[in-house]
Amino acid sequence: MTPPATPVLLHGFRVEAEDGAVPEARHTITALVRGWNVALSEEQVAEVELLSTEVITNAIHHTQAPCAVAARWTGARVRVEVTDVSPVRPKPRRSSPDAEDGRGLVLVDALAADWGSFYDPAGKVVWFEVASSIRPARRQQPPPWSTPGTWAITTTDGAVTSGHLPAWAEDDPTEVGVPTEELPRRLAEVNHRAFFEGPMVPLTAPDLWNGVEEDSVFEGSIDCNPYDPDPRLRVPVVNLQVTVGRYILGLDPDGLADIAAKLRAHADLLDHKVRPTLIAARDDWAARYPE
């Protein structure tokens, strides 16, 4: 007999871009964590509170818009995700001890067991995790949250809806105690996803930031939404973010191969034609205008 899955405790809410919203949000998160009676020390709960404050404050400060917060207990860690409307992914940077801006991610990087960000159709998601004191596992994936290979959503009346959980998926939609009327929405939100990075290049985006920023191009994810109204998205596809706010969505293997072939051809053009032309142009310019 298969042992019952470890319940995944999950709660989400919206944070308005107004005075008092951030303190209320962090108090909501810490109250949830304490109410779940999970294996975190008071010091670790305080870390959850501090990191939640920093990430939510950053989201509202840089967008001047509301954000969405989701907190969950995985059985090994508390994970907090903050979704905002900006596609610009954050990067930790050095700041003076009394700086108001820029210190948040330095704290997140120092205190969180793990953290990161990824693009989202709404903008981006910034997340962090604080590990249980009885399972210290910095920079390691937590164990599966449910029976390996299976996810299950259990409603308050005891009905169970389950499905295949791919080994490559980075999240598990398993949940218990879902109100029956919420089940269709929960199923619509089931998304199996695995992220992959893109190369970092210097980008200029005057409408988003000043100067030049190192950011990734052609990063993306393998996604599968088994309850999507579009049957093409009920099987694994690749979604690519070409650059900030620009996407190629729903690629099947042939579509991905076509994009890869075009990128290889363009790389050859840059390396074998554009680069020699640039060198010749610079030599000609130097000959006419010597320093």
Side-chain angles (χ1 to χ4, degrees), residues 1-15 25 28-40 44-45 48 52 55-56 67-83 113-116 118 120-122 125-132 134-135 137 140-195 221-229 233-236:
M1 179 176 178
T2 302
T6 300
V8 177
L9 306 173
L10 173 67
H11 184 77
F13 58 97
R14 176 185 171 99
V15 181
T28 297
I29 292 171
T30 53
L32 283 168
V33 172
R34 289 194 172 99
W36 290 338
N37 194 30
V38 297
L40 292 185
Q44 290 170 318
V45 173
V48 172
S52 298
V55 175
I56 296 170
C67 63
V69 176
R72 69 167 74 203
W73 169 248
T74 73
R77 301 179 176 191
V78 168
R79 179 181 174 106
V80 177
E81 298 183 354
V82 179
T83 305
D114 205 355
W115 77 278
F118 54 86
D120 183 86
V125 178
V126 179
W127 60 270
F128 69 84
E129 295 176 343
V130 174
S132 165
I134 63 172
R135 283 192 184 183
Q140 296 177 8
Q141 282 292 107
W145 299 342
S146 65
T147 303
T150 304
W151 60 266
I153 296 177
T154 306
T155 61
T156 50
D157 63 3
V160 179
T161 302
S162 62
H164 173 59
L165 180 63
W168 49 264
E170 297 178 358
D171 206 353
D172 183 340
T174 293
E175 194 173 355
V176 296
V178 173
T180 303
E181 64 275 13
E182 285 288 308
L183 180 61
R185 184 173 69 85
R186 293 291 206 280
L187 293 177
E189 293 173 349
V190 172
N191 176 31
H192 305 309
R193 174 175 286 179
F195 293 97
S221 57
I222 299 174
D223 289 272
C224 179
N225 300 76
Y227 291 89
D228 197 281
L233 302 182
R234 296 177 198 159
V235 297

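These values consider heavy atoms only, across backbone and side chains, with no hydrogens, waters or symmetry-generated copies.
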Hey, does Val80 have a side-chain heavy atom less than 4.5 Å from the side chain of Val69? yes
Residues Thr180 and Pro184: closest non-hydrogen pair is O-CD, 3.9 Å
Ile153 CD1 to Leu183 CG distance, which is reported to the nearest 0.5 Å: 6.5 Å
Determine whether Glu189 and Tyr227 satisfy the following criterion, side chain to side chain contact (heavy atoms under 4.5 Å, CB included), listing intermediate values before the conclusion. CA-CA 8 Å; Glu189 293 173 349; Tyr227 291 89; over 6 Å; no
Just how far is it from atom CD of Glu175 to atom OG1 of Thr154, taken to the nearest 0.5 Å? 9.5 Å
Ignoring hydrogens, what is the shortest heavy-atom contact between Thr156 and Gly177? Give both atom names and the distance. CG2-O, 3.5 Å
Lys/Arg N to Asp/Glu carboxylate O, Glu182 vs Arg185, below 4.0 Å: yes
Least distance between heavy atoms, Ser221 atom then Phe195 atom: CB-CD2, 3.8 Å
Using side-chain heavy atoms (C-beta onward) and a distance below 4.5 Å, is Glu129 in contact with Val78? no
Between CD on residue Glu81 and CZ on residue Phe128, distance to nearest 0.5 Å: 10.5 Å
Contact summary for Cys67 and Ile56, nearest pair of heavy atoms: SG-CG2, 4.0 Å
For residues Leu187 and Pro173, determine if any side-chain heavy atom of one lies less than 4.5 Å from a side-chain heavy atom of the other. no
Return the minimal non-hydrogen interatomic distance between Val48 and Val33, and the atom names on each side. CG1-CG2, 4.4 Å
Heavy atoms, side chains only, cut-off 4.5 Å: are Phe13 and Thr28 in contact? yes
Say you draw a straight line from CD of Gln44 to CZ of Arg77; how long is it, rounded to the nearest 0.5 Å? 11.0 Å
Any ion pair linking Asp228 and Arg234 (charged N to carboxylate O, less than 4.0 Å)? no
What's the shortest heavy-atom distance between Trp151 and Thr174, and which atoms? CA-OG1, 3.5 Å
From His11 atom NE2 to Leu32 atom CG, the distance as rounded to the nearest 0.5 Å: 5.0 Å
dist Trp127:CH2 -> Arg79:CZ (nearest 0.5 Å) comes out at 5.0 Å
